[in-house]
Each structure stands twice: as structure tokens, then as C-alpha cells.
Amino acid sequence: MDMDVAQIPMHPLPPHHPDTSEAQQAFDDLPPMKTQTPGGLDVHDILAGLTQPQAEAVQHTEGPLLVLAGPGSGKTRVITRRMAYLISCGIPAWQIMALTFTNKAAAEMRERVVHLLGPGVVGRGLTVTTFHALCARLLRKFAEIAKLPGLTATFAIYDSDDQMALVKKALEELNLSTQNFPPRSVLSQISNAKNELLGPEEFATQAFDFQGRQIAKVYTAYQRSLRAANAVDFDDLLLLTAQMLRTSPEVRESCRRRWQYLMIDEYQDTNRAQFRIASLLAGSDDGVAPVDHAAVPISRGGNSGGRKTRNICVVGDPDQSIYGWRGADIENILQFEKHFPSAKVIALGENFRSTKHIIAAADALIRNNVKRKAKDLFTSNAQGAKPEIVICRDEHHEARLVVDWIKEIRSDGLAWKDFAVFYRTNALSRVVEEALRNDGIPYAIARGTAFYQREEIKHAVAYLRVVANPADEVSLLRIVNTPARGIGDTTLERVKQLAIERDTRVMDALRAAGDALKLAPRTGQSISKFVAMLDDWTGIHAEGMLRAPAADGSLAELVERIIRESGLEEMYRAAGETEAERLDNLAELVSSAREFEENYDPASDPAGDAPLNPDEIPVHEPSLLELLRGYLERITLVSDADSVDPDQGAVTLMTLHAAKGLEFQGVAMIGLEENLLPHARVQENPSELEEERRLCFVGVTRAMKRLLITSSRYRTIRGITERTMESRFLHELPKQHVTMSDQGGFSEPGWDDDAPRRPTSRLASAPGDGPRFVPDGAQVRSGRPVINAPKDIRGTPLSVGMLVRHPQFGLGRIGNISSGADARAQIQFRDVGTKTIVLAYARLERVEG
DNA sequence: CCAGTCGCTATTTTT
DNA sequence: TAGCGACTGG
């Protein structure tokens with residue numbers, strides 16, 4: 001309502017191509033073919049192919065700008081072109097900053113800008129990075145000036161596992177039971193407090209009940225441990241930066257002078273701390289009061305030639321705000337014009353991704369939300385196929401249906417990678433996986449366990465972290481007896497006690513333990529061997545080799561050496577076949593270190609230590625220690641190195657949350673049931689319903705051409721089968737834009753699980769295979785006939801006497817196979833004896849011979 | 001000190 | 001159902 005209407009663009013525009021999707025648009029963001037003038041780029045090239053509102057957003061460079069970018073509306077394109085446009089207007093690249101939430105988004109943007117600008121120096125110093133990486137840099141840079149309490153510039157960054165360890169430690173210290181104070185929930189409350197910019201003291205003043213006061217104590221203790229380890233957590237990065245910008249005018253001015261143009265992607269996902277940071281950078285002196293562009297004085301920056309600062313451009317979509325539970329505050333985007341009263345608002349409603357029926361369905365769905373900024377979704381793409389809603393019987397039926405649907409559509413010339421299956425909770429993936437595996441369809445799960453989350457990597461990294469920061473207690477405790485070296489819990493308890501008595505680090509207590517504690521000789525020896533090993537790495541006795549300038553390859557060497565000498569390698573080698581992959585991963589870690597050091601160049605990294613004053617030139621030979629710290633920071637801040645890469649030629653399975661920002665030709669959304677989507681939590685917290693609807697909206701709008709939505713009458717969750725209710729969202733999809741088919745099995749004849757079926761087809765009747773559901777919905781789960789012969793991971797039918805490989809147990813021969821819904825087989829394994837295996841779950845592989 | 005077993009709990013997870 | 005933490009016996 002209070003949006004400005006798009007104006008006629010200043011530059012004539014070539015006709016746009018509304019049928020290009022985001023993916024295709026990436027191609028026309030290629031470097032301009034025309035010659036560049038020395039001062040900049042050809043403006044026509046930068047604006048080429050943009051729609052009118054897109055071009056307007058690109059050209060609105062002065063003053064606050066809100067771009068409401070619907071799904072598939074060319075958002076990234078607008079941001080990248082806008083950066084190029086600014087540069088073409090003569091703004092030095094180093095004065096421009098774009099902030100994203102994910103490394104992936106930052107990398108993609110950076111790449112596209114580089115393409116637009118072409119090779120050369122015009123883009124030098126451009127800052128495209130994540131909020132967290134920016135904050136880490138600023139905090140290190142200004143640690144001295146801002147006098148960060150308890151922290152030095154070499155602070156470590158703790159990830160969520162480390163945080164959990166600290167919370168547990170704090171609970172133990174305070175004698176609070178994990179029964180009454182589940183660490184997960186305590187941690188999330190602490191995290192929420194930090195996101196709201198509440199330190200332990202502020203939190204305590206707001207805690208009125210017993211529970212709250214206890215948690216305030218935990219928060220205090222937690223924070224104390226963090227600082228004792230010279231560490232910050234993810235939330236601290238934001239909180240401390242916000243505080244620093246507020247309390248230190250010097251830091252604030254320095255940053256403002258540098259970044260005259262600020263862009264923020266996915267603004268709907270910002271939390272209060274991020275909002276505060278943005279406001280402070282954009283000109284508010286307290287980060288709270290509205291920033292009125294008109295009222296803001298001329299920049300004090302010497303080289304800005306009197307140009308006004310406070311050029312903040314935020315891009316986002318309130319309808320895709322799905323991280324409220326993590327502290328994201330949708331109000332930040334809804335209230336942008338209150339916070340920045342002179343703001344210009346441009347809506348990008350045109351969708352270039354999906355066909356008309358899909359867009360119409362999504363639009364109707366999201367219109368049920370009240371907390372939003374109304375914007376019309378439309379597309380000039382083809383009408384396309386209607387999204388298909390299918391009610392099925394149970395999760396197995398559902399999975400079967402999804403697989404058949406994918407197979408059928410693929411035959412129209414699509415690849416496996418063009419498909420994705422979305423679900424609300426990870427637990428739902430299993431049955432779909434099973435069905436895909438059964439049919440030999442390649443699939444990949446965008447899983448939470450990324451490379452750096454794996455056990456063996458976390459161990460190795462913990463060693464590195466202790467070397468880089470001996471104060472890192474969490475990491476020290478992780479490695480002190482891994483691999484087992486005879487320093488057990490009882491010993492450790494005494495060492496920790498000693499550390500408390502003497503008020504020293506655990507590391508120092510360990511050094512002193514031999515003298516101070518009456519230890520068994522063997523234990524004492526174990527400890528001194530461990531300490532000597534660490535000293536050897538840090539080179540304490542060899543003139544501090546870590547401090548010397550790093551030689552080529554020395555970081556990788558160090559990593560390799562630590563993996564070997566710590567005994568980790570030996571530990572996994574001894575574990576045999578089953579742990580072989582871990583050894584590969586450790587080798588991979590060494591190469592990632594090598595890669596990091598080869599590419600390490602603080603001066604050229606846009607997120608790196610580019611000069612805050614333009615004439616300050618960083619010339620500096622990094623020491624091995626600095627290199628190591630840089631590497632550690634990178635791997636904790638870039639945890640998704642191997643996460644979602646949809647181009648692997650496989651169907652992608654992921655949660656709805658993980659789907660944001662992606663697109664697929666064909667999408668299947670499963671589990672559209674009350675208490676699943678919307679999630680059961682909505683019962684207790686009705687205010688969360690709209691976020692659930694947005695989640696659904698995000699899912700629907702990922703689909704380019706085909707969309708299948710399923711809901712299952714019965715679903716087994718956590719071993720309990722329950723009658724379900726169709727999701728209310730199903731009924732919010734307009735009848736004229738979707739097809740609905742009920743295959744839920746009421747009064748249906750039985751079906752033959754082997755017969756491939758289209759979702760819309762009727763069920764074939766199988767004689768002697770009576771109805772398994774009675775009309776009143778009473779549950780009859782028994783006797784579900786299994787017609788499928790048990791198969792291995794490649795789909796080879798399994799039978800008695802076959803030689804197979806099990807991922808855990810290794811080689812074995814099949815004894816007898818039972819029949820029934822969950823057929824089991826007795827398998828005689830070569831190494832581990834005879835076991836009974838449920839065939840549907842085991843990932844057996846047939847071995848010839 | 002370690003490995004196996006019991007019982008409890010249970011979304012989503014950009015950094 | 002499964003993953004994790006606490007407990008127990010070798």
C-alpha cells in the first residue's frame with residue numbers, strides 16, 4: 001500500500017525475456033562484450049535484460065531501498081547488477097559491501113559480479129561476505145581498540161558442538177540436572193538471548209521465575225568458560241560486533257567511511273543483532289532510532305567528495321521468512337520503512353521460474369498469511385501442468401508413488417538431478433530413500449552431517465585448535481584421551497579439579513599433574529607423553545616454529561603430522577574396513593589445508609583484511625600460526641563445503657528449510673498432514689502457523705514445471721502408526737489450479753505393490769488380497785503382503801546362499817530369509833559371526849562368487 | 001579403563 | 001525407530 005510505484009527507467013531498456021529462469025539468467029550475467037571505458041562499464045550492458053522494476057532497483061543507488069523479491073524474481077541478479085552499476089557510476093569497489101547469510105550465496109554473488117565486471121582491477125576490494133565472517137574480521141581487527149572483554153585478536157570461534165559441551169559443563173558446575181534443564185533447550189535460550197542483544201546481566205534482570213534465574217546463571221557460567229578459552233560462539237560474533245559498533249565511535253566511523261554502500265541479502269532472515277549492525281553501519285548512531293536519510297549529515301569521509309552515506313539496500317521476501325525459530329525477526333523487513341523513513345520500496349513480483357498453475361497455487365496459499373507485505377505474484381511463463389495432490393495410504397505407498405511419479409516425468413527428457421523431494425522433518429526421508437534404492441535411482445541427501453561435522457574430522461580439528469590456542473578447553477578435553485592413551489575420566493576429573501584450585505587452564509594443570517597429584521606411574525607417564533607431543537608440535541622447545549613465516553606446504557605438513565603422531569590415523573586403521581572412509585576423510589582434510597594455504601592471500605580476498613583505510617596496504621608474511629588460525633576460522637565458518645550440490649546427477653532429498661533458494665524442474669513434497677506441516681508445535685504456539693505456511697510456500701515455489709504434493713492417511717512415526725489429518729494447507733490451494741486424487745485406500749480394493757501406478761490411476765484389484773482398511777479408519781496394519789523380493793542396493797534380488805557385503809559387518813553369506821513386511825535374513829559374516837538383518841534397512845550389496 | 005546395555009526423548013539448523 | 005547419555009560388569 002505504501003509502496004512506490006515503479007517509475008520509468010532512465011535508460012532505454014531492451015525487451016526482457018520473462019521466460020528465463022534464475023538458472024538461465026546466470027548465463028546472461030556474462031562479462032560485457034563491448035569495450036570498457038577506463039573509468040567503468042557500459043551501463044547498457046549492466047541493465048540489459050532487466051525488467052523495469054529490476055532496472056529501477058539497480059539504479060536506485062542513493063538512500064535506503066527495500067526490494068521485495070518474490071521467489072524466482074531475479075533477486076541475485078538485481079544485487080549483482082547493482083554492484084556493477086555502482087562501480088560503473090564511479091564508486092570505488094572497496095566502498096561497496098554485500099552481506100549474505102551463507103557462504104554459498106556469497107560465493108555465487110562474488111562470482112557473478114566478477115563475470116559482470118570482467119577481469120581487471122575495477123572490482124578490487126569489493127566486500128561480499130557473510131555476516132558472521134564480516135564480524136569475525138572486524139572483531140579481530142579492532143580487538144585492541146574496542147577492548148573486547150576477555151578476548152584477544154586471536155580468539156577462537158566455537159561451533160554448536162563446542163557450545164553444547166560448554167553448556168553441559170556449566171550445568172554440571174551449577175549442579176543442575178540435565179533432566180530439568182535439557183542442554184539443547186538451555187543453549188537455545190542462551191542463543192535467543194544473544195540474538196536479542198541480551199548479555200547475561202540483562203538476561204538476569206528479565207528472568208523472573210525460578211527456571212529463568214537458573215538459566216541466567218548457566219548463561220553467566222557459559223560465558224565465563226567461553227572467555228576463559230579465549231573463544232566466542234557464533235552468536236557472540238554478531239552481539240559483540242553490534243556492541244563494538246555502538247560503543248566505539250572510532251570503529252563505527254572507520255567502518256562507515258569504508259563502506260558507503262551496503263547491501264543485505266535475505267533481509268527477512270536478519271535477527272535483532274544483525275539489524276543493529278546494519279543500522280549502525282547505515283548511519284544510526286545507536287542502532288535503534290530510525291535513520292532518516294534526509295536528516296543525515298554529509299559524510300565526514302574525506303574521499304567521498306561530499307556524497308551522503310547511509311546507502312542501505314536490503315533485499316528479501318517476508319513470505320520466505322522461515323527461520324523465526326532461530327531468532328530471525330520478520331519485523332525487520334516488515335518495518336523497514338519505519339526504520340528508514342525515506343526508504344524507497346520496489347516489489348519484484350514477476351516470477352521467471354515456475355509455470356502459471358504453480359504460481360497461482362503458491363499465491364493463493366500465502367495470501368492466507370496476515371503478517372506480510374501484500375505483493376502480486378505473477379508470471380508470463382506457460383500455463384503448465386497443475387500441481388497434483390494425492391492422498392495415499394501410508395508412507396510406503398507415498399514413497400512408491402513419489403518414485404513412480406519421478407520415473408514417469410523423467411521419461412519426458414529430464415534427468416534425475418532435475419528432481420527433489422522435500423519433507424518437513426528429516427525422519428521422513430528414510431522411506432523415500434528406501435523406495436529410491438529399491439528402484440536403483442540415484443539420490444543424494446542434503447544432510448546435516450557435513451564434512452567438518454564428522455567425528456574423525458572433529459577430532460583432528462580439535463588437535464589443531466589446541467595447537468593454535470592452548471586455552472581451548474573443549475578441544476583439549478576432546479582429544480586428551482582420543483585415541484585412548486590411558487588418561488581416563490577419573491584422572492581427568494582430578495586434573496580439572498586441580499585447574500580450578502589453582503585457577504589455571506586445564507592444559508597447565510595437565511603439565512603440573514605429575515608433581516601435584518599422586519598418580520599411578522603409568523598414568524603420569526601417559527600425561528607427560530601427551531604434553532610432550534603437543535609441545536613438539538607447537539615447537540615450544542624449538543624456538544617457536546609456529547611463529548616463523550610459513551613455508552610453502554607447511555600447514556598441510558603440520559596437519560598431516562598431527563593426524564599421524566596423535567595416533568588418530570592408527571586408531572582408524574586398526575578399526576579396519578568399516579572405518580576406511582574415515583581415513584580418506586582425514587586425507588581430505590590434509591588436502592583442504594593445502595588448498596587453503598595455496599590460495600591464502602589476505603589482500604585479494606574480498607572478505608579478507610582489505611584496508612579499512614584505502615591507502616593502507618597490507619604487506620605481511622603470515623606465520624604458520626596465523627595461517628593455522630586462518631584455516632581454523634575458515635573451516636568453522638564455512639561448514640557446508642560439501643553440502644547441497646544438486647548437480648550430481650541424482651534426485652535430491654532435503655528438508656523444506658534446506659530447499660530455500662533452490663529450484664528444480666520437478667518437486668515432490670511429502671507429508672502434508674496436520675502436526676507435520678504445519679508442525680505439531682503450532683498446537684502450543686499458534687503464532688507459528690504463518691511460518692509453517694511460509695515453509696509450505698517455499699516448497700511450492702521451488703518447482704519449475706511439475707509439483708506433486710502427498711498426504712498420507714496413516715503414518716508411522718517413532719515406531720507408532722497413527723491416523724493422520726490432511727494438512728489445512730492442502731485445502732488452501734485453489735481447486736482450479738490443482739488436481740486432487742484420493743488413493744488413501746478407504747473401501748479400496750487391495751493393490752499390488754509391484755504394479756507401477758500413476759498417481760491418478762485407479763488401483764488394480766488383486767484377488768485374495770482384501771481391503772486392509774475398514775471405512776471407519778480402524779487400523780489394520782498386519783498382513784500387508786510383500787510381493788517385492790528383497791533386493792540389494794543395486795536392485796539385484798537376494799536369495800539364500802548369495803554372497804553379500806554389509807556396510808558395517810563386511811562379507812557374509814545369506815542363510816535363510818523370512819517373509820513378511822520386514823523380511824529378515826540370517827547372514828553368516830566372515831568376520832563378525834551370524835546376524836539377523838532386516839533386509840529393508842540393510843544396505844546389502846551382492847558380491848559375485 | 002572400556003564396551004556393551006538400558007531407558008529416555010524426540011522439528012527445522014544459513015553461521 | 002534411533003541416537004544419546006547413564007550405568008554396569010569385565
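Lettering follows sequence order; numbering is per chain, from 1. Because only heavy atoms are used, hydrogens play no part in the values below, and waters and symmetry mates are left out as well, while side chains stay in. Here the structure is a predicted model, which is why all the values come from computation and not from measurement.
At least one side-chain heavy atom of A:Asp161 sits under 4.5 Å from a side-chain heavy atom of A:Lys458. Here the side chains of A:Val315 and A:Met263 are not in contact, with every heavy-atom distance at 4.5 Å or above.
Ranking B:dT11, B:dT15, B:dT12 by closeness to the A:His657 side chain, first place goes to B:dT12. Side chain of A:Thr491, nearest nucleotide from B:dC1, B:dT15, B:dT13: B:dC1.
Salt-bridge formation is not detected for the pair A:Arg681/A:Glu692: no Lys NZ or Arg NE/NH1/NH2 atom is positioned less than 4.0 Å from an Asp or Glu carboxylate oxygen. In this structure, A:Arg702 does not pair ionically with A:Glu663, as no charged nitrogen and carboxylate oxygen lie closer than 4.0 Å. One finds no salt bridge joining A:Arg393 and A:Glu398 here, because no Lys/Arg side-chain nitrogen approaches an Asp/Glu carboxylate oxygen to under 4.0 Å. Ion pair A:Arg713/A:Glu673 not flagged as a salt bridge, since none of the NZ, NE, NH1 or NH2 atoms sits closer than 4.0 Å to an Asp/Glu carboxylate oxygen. Between A:Asp236 and A:Lys194 a salt bridge is recorded (basic side-chain N to carboxylate O distance below 4.0 Å).
B:dT12 has A:Trp325 stacked on its base ring, the centres lying under 5.5 angstrom apart and the planes within 30 degrees of parallel.
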Under 3.5 Å, side-chain donor or acceptor atoms of residues 162-175 of chain A against the rest of the protein: list the pairs with distances, not counting sequence neighbours.
| from | atom 1 | to | atom 2 | distance (Å) |
| --- | --- | --- | --- | --- |
| A:Asp162 | OD1 | A:Arg465 | NH2 | 3.0 |
| A:Asp162 | OD2 | A:Asp159 | N | 3.0 |
| A:Asp162 | OD2 | A:Arg465 | NH1 | 3.4 |
| A:Asp162 | OD2 | A:Arg465 | NH2 | 2.5 |
| A:Gln163 | OE1 | A:Tyr222 | OH | 3.4 |
| A:Lys169 | NZ | A:Glu473 | OE2 | 3.2 |

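Straight-line distance from the CZ atom of A:Arg718 to the C1' atom of B:dT9: 8 Å, rounded to whole Å. Here the C1' atom of nucleotide B:dT13 and the NE2 atom of A:His679 are 13 Å apart, to the nearest Å. Atom P of nucleotide C:dT1 and atom CD of A:Glu434 are separated by 13 Å, given to the nearest angstrom. Computed from coordinates, the A:Asn192 CG to B:dT12 C1' distance equals 14 Å when rounded to whole Å. The distance from atom CG of A:Leu656 to atom C1' of B:dT13 is 14 Å, rounded to the nearest whole Å. Across the protein-nucleic acid pair, A:Leu99 atom CG and B:dT15 atom P stand 14 Å apart, rounded to whole Å. In this structure, A:Leu187 atom CG and B:dT13 atom P are separated by 16 Å, rounded to whole Å. The CD1 atom of A:Ile635 sits 14 Å away from the P atom of B:dT15 (whole-angstrom rounding).
Within the nucleic acid shown, A:Thr490 comes within 4.0 Å of sugar-phosphate atoms alone, with no base atom in reach, counting heavy atoms only. A:Gln163 comes within 4.0 angstrom of no nucleic acid atom, judged by non-hydrogen atoms across all strands. Contact annotation for A:Asp159: no contact, since no heavy-atom pair falls under 4.0 Å across all strands. Among the protein residues, A:Phe131 comes within range of no part of the nucleic acid, since none of its heavy atoms lies under 4.0 Å from any strand.
In the interface, the side chain of A:Arg184 is not paired with the base of B:dT11 through any donor and acceptor atom under 3.5 Å apart. A donor N or O paired with an acceptor N or O is found under 3.5 Å between the base of B:dT15 and the side-chain atoms of A:Arg326.
Mapping A:Thr130 and A:Glu692 onto DNA chain B by nearest heavy atom places A:Glu692 closer to the 5' end of the strand.
Because its glycosidic torsion is more than 90° from 0, B:dT12 is reported here as anti.
Distances shown here put a side-chain N or O of A:Asn103 below 4.0 Å from the OP1 or OP2 atom of B:dT15. Contact between the side-chain N/O atoms of A:Asn426 and the OP1/OP2 oxygens of B:dT13 is found at a separation under 4.0 Å. Taking 4.0 angstrom as the limit, A:Thr655 places none of its side-chain polar atoms (N or O) nearer than this to OP1 or OP2 of B:dT11.
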Each nucleotide N or O in nucleotides 3-9 of chain C that has a protein N or O under 3.5 Å away: list the pair and distance.
| from | atom 1 | to | atom 2 | distance (Å) |
| --- | --- | --- | --- | --- |
| C:dG5 | OP1 | A:Lys168 | NZ | 2.8 |

List, with names and distances, any nitrogen or oxygen atoms from the protein found under 3.5 Å away from nitrogen or oxygen atoms belonging to nucleotides 2-6 of chain B.
| from | atom 1 | to | atom 2 | distance (Å) |
| --- | --- | --- | --- | --- |
| B:dC2 | OP2 | A:Asn481 | ND2 | 3.2 |

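Taking atom P in both B:dT13 and C:dC4, one finds a spacing of 16 Å when rounded to whole Å.
Side-chain atoms of A:Asp265 and A:Thr100 include no donor-acceptor pair closer than 3.5 Å. For A:Thr76 and A:Glu108, the side-chain atoms include no donor-acceptor pair closer than 3.5 Å.
Ring geometry for A:Tyr323 against A:His657 counts as tilted: the plane angle lies between 30° and 60°, on a 0 to 90° scale.
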